[in-house]
Amino acid sequence: QLQLAESGGGLVEPGGSLRLSCAASGDNWDYFAIGWFRQAPGKEREAVAAISSSDYETKYTDSVKGRCSISGDIAKSTVYLQMNSLKPEDTAVYYCAAVPKRRFSDWQFSSVYNYWGQGTQVTVSS
């Protein structure tokens, strides 16, 4: 079992920045890749970024490339999502999730993830 807990969400003005954290506990998260997803009201959950804990390979969806950076700290069992130049359309509940590293190539598909956090709200508004 792996438990995930997100933090760092909040209200930010357009153009601002936030850093989300995903703290893992329980099973050895080194066996997993960690992905960030978001879900806006009335929309489907979409993948944002992912990182493999073994080689720190990263993936990003096109809409956040150049604005977001995912990183990991094995010692703290924590994955971060730094989001810059935020836009109102980034408003959503952000979730982190864990997938076995062998499925990392499928990082964009929420169905392959075994464990999910409870989510943290990000609101971008003036």
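For the numbers below, each heavy atom of this structure counts, side chains included, while hydrogens, waters and symmetry mates do not. This is a predicted model, so every value here is computed, not measured. This chain uses plain numbering: 1 for the first residue, then up along the sequence.
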Can Arg19 be said to sit on top of Tyr80's aromatic six-ring, NZ or CZ under 6.0 Å from centre and within 45° of the ring axis? yes
Side chain to side chain donor-acceptor pair (under 3.5 Å) against Thr91, all qualifying residues, sequence neighbours excluded: none
Which atoms form the tightest heavy-atom contact between Leu2 and Ala24, and what is the distance? CD1-CB, 4.2 Å
Identify whether Ile74 and Tyr115 are in the same connected component of the hydrophobic contact network (ILVMFWY, side-chain heavy atoms under 4.5 Å). yes
Joint cluster assignment, Val122 & Leu11, ILVMFWY side-chain distance < 4.5 Å: no
Thr78 (side chain) donor-acceptor with Lys76 (main chain) under 3.5 angstrom: yes
Under the rule for side chain to side chain donor-acceptor pair (under 3.5 Å), what residues qualify as partners of Arg67, not counting sequence neighbours? Asp90
Phe37 and ring-ring contact (aromatic ring centres under 6.0 Å, His included): which partner among Tyr95, Trp116, Tyr94? Trp116
For Ala49 and Leu81, the nearest pair of non-hydrogen atoms, with its separation, is CB-CD1, 4.1 Å
To the nearest 0.5 angstrom, please state how far the OG atom of Ser126 sits from the CD atom of Glu13. 6.5 Å
Note, Pro14 side chain near Pro88 side chain (heavy atom, < 4.5 Å): yes
Could you state whether Val12 and Val93 fall into the same hydrophobic cluster, counting links through intermediate Ile, Leu, Val, Met, Phe, Trp or Tyr residues with side-chain heavy atoms under 4.5 angstrom apart? no
Can you check side chain to side chain contact (heavy atoms under 4.5 Å, CB included) on Val48 and Tyr60, steps first, answer last? CA-CA 6 Å; Val48 177; Tyr60 298 94; over 6 Å; no
Determine the minimum heavy-atom distance between Trp107 and Ala50, stating which atoms define it. CE3-CB, 3.6 Å
I'd like to check the side chain to side chain donor-acceptor pair (under 3.5 Å) partners of Glu46; sequence neighbours left out, ordered by chain and number. Arg38
Go through the steps to decide whether Ile70 and Val79 satisfy the test side chain to side chain contact (heavy atoms under 4.5 Å, CB included), and finish with yes or no. CA-CA 7 Å; Ile70 188 170; Val79 170; 3.8 Å; yes
Indicate the atoms forming the closest heavy-atom contact of Ser52 with Ala33, along with that distance. CA-CB, 4.0 Å
Tightest non-hydrogen contact, residues Cys68 and Met83, listed as SG-CG, 3.6 Å
To the closest 0.5 Å, what do you measure between CD1 (Ile51) and SG (Cys96)? 12.5 Å
Would you say Glu6's side chain and Leu20's backbone share a donor-acceptor pair under 3.5 angstrom? no
Looking at every non-hydrogen atom in both residues, tell me the closest pair between Cys22 and Ile34 and how far apart they are. SG-CG2, 4.3 Å
Hey, is OH on Tyr56 packed in by over 12 heavy atoms from elsewhere, all under 6.0 Å? yes
Are side-chain N/O atoms of Asn84 and Gln82 paired as donor and acceptor at under 3.5 Å? yes
Test side chain to side chain contact (heavy atoms under 4.5 Å, CB included) applied to Leu86 and Leu18, step by step: CA-CA 8 Å; Leu86 283 163; Leu18 280 176; 4.2 Å; yes
Check whether more than 12 heavy atoms from other residues, nucleotides or ligands sit under 6.0 Å from atom CD of Glu89, and answer yes or no. yes
What distance separates Ser111 OG from Arg103 CZ, expressed to the nearest 0.5 Å? 7.5 Å
